[in-house]
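Side-chain atoms are counted along with the backbone in the values below, which use heavy atoms only and exclude waters and symmetry mates.
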Amino acid sequence: MGLELYLDMLSQPCRAVYIFARSNNIPFEFKQVELMKEQHKTEEFQKVNMLMKVPAMRDGSFTLAESIAILLYMVRKFKTPDHWYPSDLQKRARVDEYLSWQHVSIREKGIKLFFMKVVLPLLTGHPLPPEKLEGATEELNAVLKQFEEKFLQDKPFIAGSEISLADLVAVVELMQPVASGYDLFEERPKLAAWRRRVEEVVGKQLFQEAHEVILNAKNLTTDKIAPELLRRLKQQLLKEAA
């Protein structure tokens, strides 16, 4: 049994894992897990990841959860080019620094805006008031400023002259608010140029393929969401938006 990756391309971390594996010619079997249908809660999936989250990985009898752990496992097992997770102490530290920071900044603010602009209107039947969206957009803009000034600076990539895991993890997160209709690259030339460089390295066709599902998220309908998940999402998002 070879490497199996359990993924849903609506998920940012799943896209990072998928793009990394494909761009490095790592052989794997794609196992679709539809979050909106709560397939991650099935008995079968819990045998792979009892945490009931994607991405998840199975390599023979070995299973692994959490996207960063999976990315690092593939780096080490398949001996991918050094630039992905540099052997140079300080370059690697820059990658680690970003990966440690992004969870409660880029990821948290980006997904919040996506849910408010796409998911909540789908559940309630009407858009969120502009002032609520403005607050979420300002929060995202604040961390984008930090990303540019602290992590990207005037470098081609986060760790220097070559792409790393940090860039890949960052770009998939930034595509989430883009999918909501907020083109955060439009008035940020430095960020837009960085995105183009990332796309060129991994391959534009692969990048577009990986983001096809999320970029069509506005076409999502409630009948494609499990009823219990629909209820919980609505309750949670209305509370957050209050």
Legend entry - Side-chain donor/acceptor of R58 to backbone N/O of E4, under 3.5 Å: no
Legend entry - Side-chain H-bond candidate by donor/acceptor type, D82 with S87, under 3.5 Å: yes
Inset, instruction - Applying side-chain contact (heavy atoms from CB on, under 4.5 Å), run through M9 and H211 and close with a yes or a no. - result: CA-CA 7 Å; M9 301 305 270; H211 288 91; over 6 Å; no
Inset, instruction - Determine whether more than 12 heavy atoms belonging to other residues, nucleotides or ligands lie under 6.0 Å from atom NZ of K117. - result: yes
Inset, instruction - Test Y85 against T80 for side-chain contact (heavy atoms from CB on, under 4.5 Å), laying out the working first. - result: CA-CA 9 Å; Y85 195 58; T80 56; over 6 Å; no
Legend entry - Residues E199 and K204 bridged, charged N to O under 4.0 Å: no
Inset, instruction - Please assess I106 against V169 for the test side-chain contact (heavy atoms from CB on, under 4.5 Å), listing each intermediate value before the final yes or no. - result: CA-CA 10 Å; I106 293 288; V169 169; over 6 Å; no
Inset, instruction - Answer yes or no: does atom CD of E44 have more than 12 heavy-atom neighbours from other residues, nucleotides or ligands under 6.0 Å? - result: no
Legend entry - Qualifying residue for side-chain contact (heavy atoms from CB on, under 4.5 Å) with Q176, from R15, K112, K109: R15
Legend entry - E97/R94 salt bridge by N-O under 4.0 Å criterion: yes
Legend entry - Pair listing, ring-ring contact (aromatic ring centres under 6.0 Å, His included) test, anchored in residues 105-146, at least two apart: none
Inset, instruction - Without swapping roles, check the side chain of E173 against the backbone of Q12 for a donor-acceptor pair under 3.5 Å. - result: no
Inset, instruction - Mind telling me whether F147 and Y98 have parallel, tilted or perpendicular rings, with 30° and 60° as the class edges? - result: perpendicular
Inset, instruction - State whether the side chain of D167 and the backbone N or O of I158 hold a donor-acceptor pair below 3.5 Å, judged by distance alone. - result: yes
Legend entry - Steps toward side chain to side chain donor-acceptor pair (under 3.5 Å) verdict (S11, D8): CA-CA 6 Å; S11 157; D8 185 332; over 6 Å; no
Legend entry - Note, L165 side chain near L72 side chain (heavy atom, < 4.5 Å): yes
Legend entry - R188/E186 ion pair, N-O < 4.0 Å: no
Inset, instruction - Please check if atom CD in E228 has more than 12 non-hydrogen atoms from other residues, nucleotides or ligands closer than 6.0 Å. - result: yes
Inset, instruction - Give the intermediate values and the outcome of side-chain contact (heavy atoms from CB on, under 4.5 Å) for residues W194 and V198. - result: CA-CA 6 Å; W194 163 78; V198 173; 3.7 Å; yes
Inset, instruction - Answer yes when R197 and E200 have at least one side-chain N-carboxylate O distance shorter than 4.0 Å, and no when they do not. - result: no
Legend entry - Within 6.0 Å of NZ in K190, more than 12 heavy atoms from elsewhere: yes
Inset, instruction - Could you tell me if the ring centre of F78 sits under 6.0 Å from that of W84? - result: no
Inset, instruction - Using a strict 4.0 Å threshold on nitrogen-to-oxygen distance, state whether E34 and K224 make a salt bridge. - result: no
Inset, instruction - Determine whether more than 12 heavy atoms belonging to other residues, nucleotides or ligands lie under 6.0 Å from atom CD of Q32. - result: yes
Legend entry - Residues clustered with L35, ILVMFWY side-chain links under 4.5 angstrom: Y6, V33, F45, V48, V54
Legend entry - Single-linkage hydrophobic cluster, 4.5 Å side-chain cutoff, L89 and V75 together: no
Inset, instruction - Examine distances only and state if a side-chain atom of N216 and a backbone atom of E212 form a donor-acceptor pair shorter than 3.5 Å. - result: yes
